2 protein chains.
Amino acid sequence: MAAGGGDKGGRVTMAAIGRLAGVSQVTVSRALSDPSKVSADTLRRIREAIDQTGFVPNALAGALVSRKSRLISALVPSITSIVYSAMVQAFGERMRAKGYQILLSETGSAPEDEEDAIMLHLSRRPDAMMLTGIHHSPKARKVLLGAGIPVVELWDVTESPIDLCVGFSHGAAGRAAADFAADAGYRRAALVHAGDERALRRKDAFAERFRQRTGQDPAEINLNAPASLGQGRLALSRLIEETGFGGGLIFCSSDLLAHGVVTEAQARGLRIPQEIGVLGFGDQEFAAHVEPALTTLSVDREALGRQAAEALLCRIEGEPIDRPIFDLGFKLVRRDSA
Amino acid sequence: MAAGGGDKGGRVTMAAIGRLAGVSQVTVSRALSDPSKVSADTLRRIREAIDQTGFVPNALAGALVSRKSRLISALVPSITSIVYSAMVQAFGERMRAKGYQILLSETGSAPEDEEDAIMLHLSRRPDAMMLTGIHHSPKARKVLLGAGIPVVELWDVTESPIDLCVGFSHGAAGRAAADFAADAGYRRAALVHAGDERALRRKDAFAERFRQRTGQDPAEINLNAPASLGQGRLALSRLIEETGFGGGLIFCSSDLLAHGVVTEAQARGLRIPQEIGVLGFGDQEFAAHVEPALTTLSVDREALGRQAAEALLCRIEGEPIDRPIFDLGFKLVRRDSA
DNA sequence: GATCAGGATGAATGCGCTATCAGCTTCGCA
DNA sequence: TGCGAAGCTGATAGCGCATTCATCCTGATC
């Protein structure tokens, strides 16, 4: 262990601080939660005792009795993806400013893992919960509703959220991409994606709209793997070698994949955007700075996180919310890759 | 609120489940913590009651009395940097497999923020704590020692850890980079970094060694901003325009900056590695796949996280650790950029 | 001097659970 | 038939704190 323990054999509690300062446990509690309720002299003695002993209040006990844990639970598929980490960062920053801590778990992509994680999180009695996506198991929905806490679902919109949702329509995003492709004169298209549920919906919407507009079916590469530059390069190789893709617009499910496609295209001497156009998704920082700069669907990840935090805080503080569905939209940013 | 509450007005507790199943609260507790201690029939009735009510045990109360929260606290400067998020992911995965949850906070780079975060985390009575770096305020050290829990410091090594440390020597890394530069025949060098404390130590070690080996002082650009591709491009521009850098090896504090430097060099028509060599740090996924592939100092972030988890688990389970300092080293991976 | 408002403090209570010890069956075996 | 062992269950006692209510003091007001 790191330690030789506290001051004495027993651990330091408010009662112990009280004994040192010559007051009761209650007064110590008051001194910490609302110093104005305690006389200046008492406050000074209590603070001295705290400094002396290195006392750290036990938030477990506090939360147990007050029924307020000041803990917000957050579930994301992965934190190594900037997509989610930037959102969680903005979310957490806002929550921390309001005195809440974040209990964060990765759920992967399997719904049953999410269910387990939800149960584990609820057992810590969080004051609110943030989930990614709008698809959850029936049991998850049930326990969430039963928990009686505000819940926000992120990265998507639905008319029937568990409680609140903040996101944008992936169908609309896919259609916007297809319209862009058709308007820009592309007569062929391909879809490269990592296989996650929301990417699939963008892809399907793209395919349908592109077919309507051009009469052509896009080729498709489902990588079924976390997005990475290497996977993006691989995707273009497979597109060319497996499907005989000879040019057109490639709509990627993330900027990282798009960057990989661009890199592979350059390595093969293919000209961008003349021979192939590349459309990314997310508008991550690097998108504007690579060569050629990526044309991409821009999503404000920080705004998603902030808005989610704001909505939950309203709920926690009992303020009315006129509409629990926040559609933050997206923007197509045209640069040089398509 | 999301909910209309539980089944009744009051909330569901073990006592309520017991009433439903016709047993006492204690038996419910046993059924959950060790089902073998309860008869098959009782177990079935308890499980039915739990399913019916959607009961979720209150881990706050459990932790309060058992003095085991099954919570591990983790403090990192930022989760949007893959450097830390990949490490936390590996750390969390191992811990989750052992039944622990992670309480994660971002501390930024200010030491006083870390101190606040440590106090907040300790108030939740975690079973162990993971910190980034080996520099902490005296007060932080004191409360950490007083908490009596295992502590691991990550990303660096020191002879005097608070409890455990897992990392590598940044001085050695900087020197290895300088030796590589000198051995490869570079007579000029430049240092591009984001300004964080560990990058500064690598930089200083590089500068000193490079001077010894070549008699030359490296140029330096301190970006004082989170590493990004755009910052990397900016850095090369500044290097050329402010310091008149005309060629040599550029040692970057991260692969992302290195990638930016490479991108800017290509945009300016500079040949790599003939005119300028670029050495990255971290060996992130994309390093091997960009063109030219990045030469970089490889650090196994997942191994850091895993080893940290393993060491903490040993401490928690009371197993002996012969040496609390784990130096996991680094590797120089030569590819095409230098 | 009596009365009262307001500030400062403390005693008692219980949040929901685990740990401990004690009680009750049942069964095997002498 | 008796008796200990083993299996199952319950009563009780806190964990450390916030909440509630009661108490005491001070000073202002009539």
Side-chain angles (χ1 to χ4, degrees), chain A residues 6 8-46 49-50 53 55-71 99 120 122-127 147-148, chain B residues 6 8-46 49-50 53-71 99 122-127 147-148:
Chain A
K8 318 164 298 176
R11 37 192 60 65
V12 188
T13 65
M14 283 192 182
I17 299 296
R19 244 171 281 130
L20 267 173
V23 295
S24 75
Q25 174 264 123
V26 196
T27 303
V28 178
S29 172
R30 268 192 287 255
L32 290 174
S33 64
D34 184 357
S36 75
K37 285 186 181 165
V38 161
S39 77
D41 187 56
T42 303
L43 188 57
R44 188 185 46 72
R45 291 202 319 277
I46 290 177
I50 290 178
T53 53
F55 168 66
V56 180
N58 186 328
L60 298 175
L64 181 60
V65 46
S66 71
R67 301 168 178 298
K68 271 173 257 154
S69 62
R70 303 204 71 81
L71 202 60
L120 269 173
L122 285 180
S123 76
R124 309 267 177 198
R125 296 297 186 266
D127 290 341
Chain B
K8 320 162 297 176
R11 37 193 61 64
V12 188
T13 65
M14 284 192 181
I17 298 297
R19 244 171 281 132
L20 266 173
V23 295
S24 76
Q25 174 267 123
V26 190
T27 303
V28 178
S29 172
R30 266 191 289 256
L32 290 174
S33 64
D34 184 358
S36 76
K37 284 187 183 166
V38 161
S39 78
D41 187 57
T42 304
L43 188 56
R44 187 186 45 70
R45 291 203 317 279
I46 289 176
I50 290 177
T53 53
F55 169 66
V56 180
N58 187 327
L60 298 176
L64 181 60
V65 45
S66 71
R67 301 170 178 297
K68 271 173 255 153
S69 62
R70 303 203 71 81
L71 202 60
L122 286 180
S123 77
R124 308 268 176 199
R125 295 298 185 263
D127 291 342

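Just so it is clear: chains get the letters A, B, ... in the order the sequence lines come, proteins before strands, and each one is counted from 1. This is a predicted model, so every value here is computed, not measured.
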Which nucleotide in dG16(C), dG16(D), dA18(D) has an atom nearest any side-chain atom of T13(B): dG16(C)

Charged N-O contact under 4.0 Å between D34(B) and R30(B): no

For atom [atom1] of [X] and atom [atom2] of [N], their distance in whole Å:
X       : N       : atom1 : atom2 : value
L43(B)  : dC8(D)  : CG    : P     : 11 Å
I46(B)  : dC17(C) : CD1   : C1'   : 15 Å
N58(B)  : dG16(C) : CG    : C1'   : 6 Å
R125(A) : dG16(C) : CZ    : C1'   : 9 Å
R70(B)  : dC17(C) : CZ    : P     : 17 Å
R19(B)  : dT9(D)  : CZ    : C1'   : 17 Å
R11(B)  : dC15(C) : CZ    : P     : 10 Å
D34(A)  : dT19(D) : CG    : P     : 11 Å

Donor-acceptor under 3.5 Å (S69(B) side chain, R125(B) main chain): yes

Straight-line distance of L32(A) CG to F55(A) CZ, nearest 0.5 Å: 6.0 Å

How far apart are the closest heavy atoms of [X] and [Y], and which atoms are they?
X       : Y       : answer
R70(A)  : D127(A) : N-OD2, 2.7 Å
L122(A) : A147(A) : CD2-CB, 3.8 Å
V23(B)  : T42(B)  : CG1-CG2, 3.6 Å

Polar atom pairs between nucleotides 5-11 of chain C and protein, under 3.5 Å, N or O only, would you list them?
residue, atom, partner, partner atom, Å
dT9(C), OP1, S39(A), OG, 3.3
dT9(C), OP1, T42(A), OG1, 2.5
dT9(C), OP2, S39(A), N, 3.0
dG10(C), OP1, S24(A), N, 3.4
dG10(C), OP2, S24(A), N, 2.8
dG10(C), OP2, S24(A), OG, 3.0
dG10(C), OP2, T27(A), OG1, 2.4
dG10(C), N7, R30(A), NH2, 2.8
dG10(C), O6, R30(A), NH1, 3.4

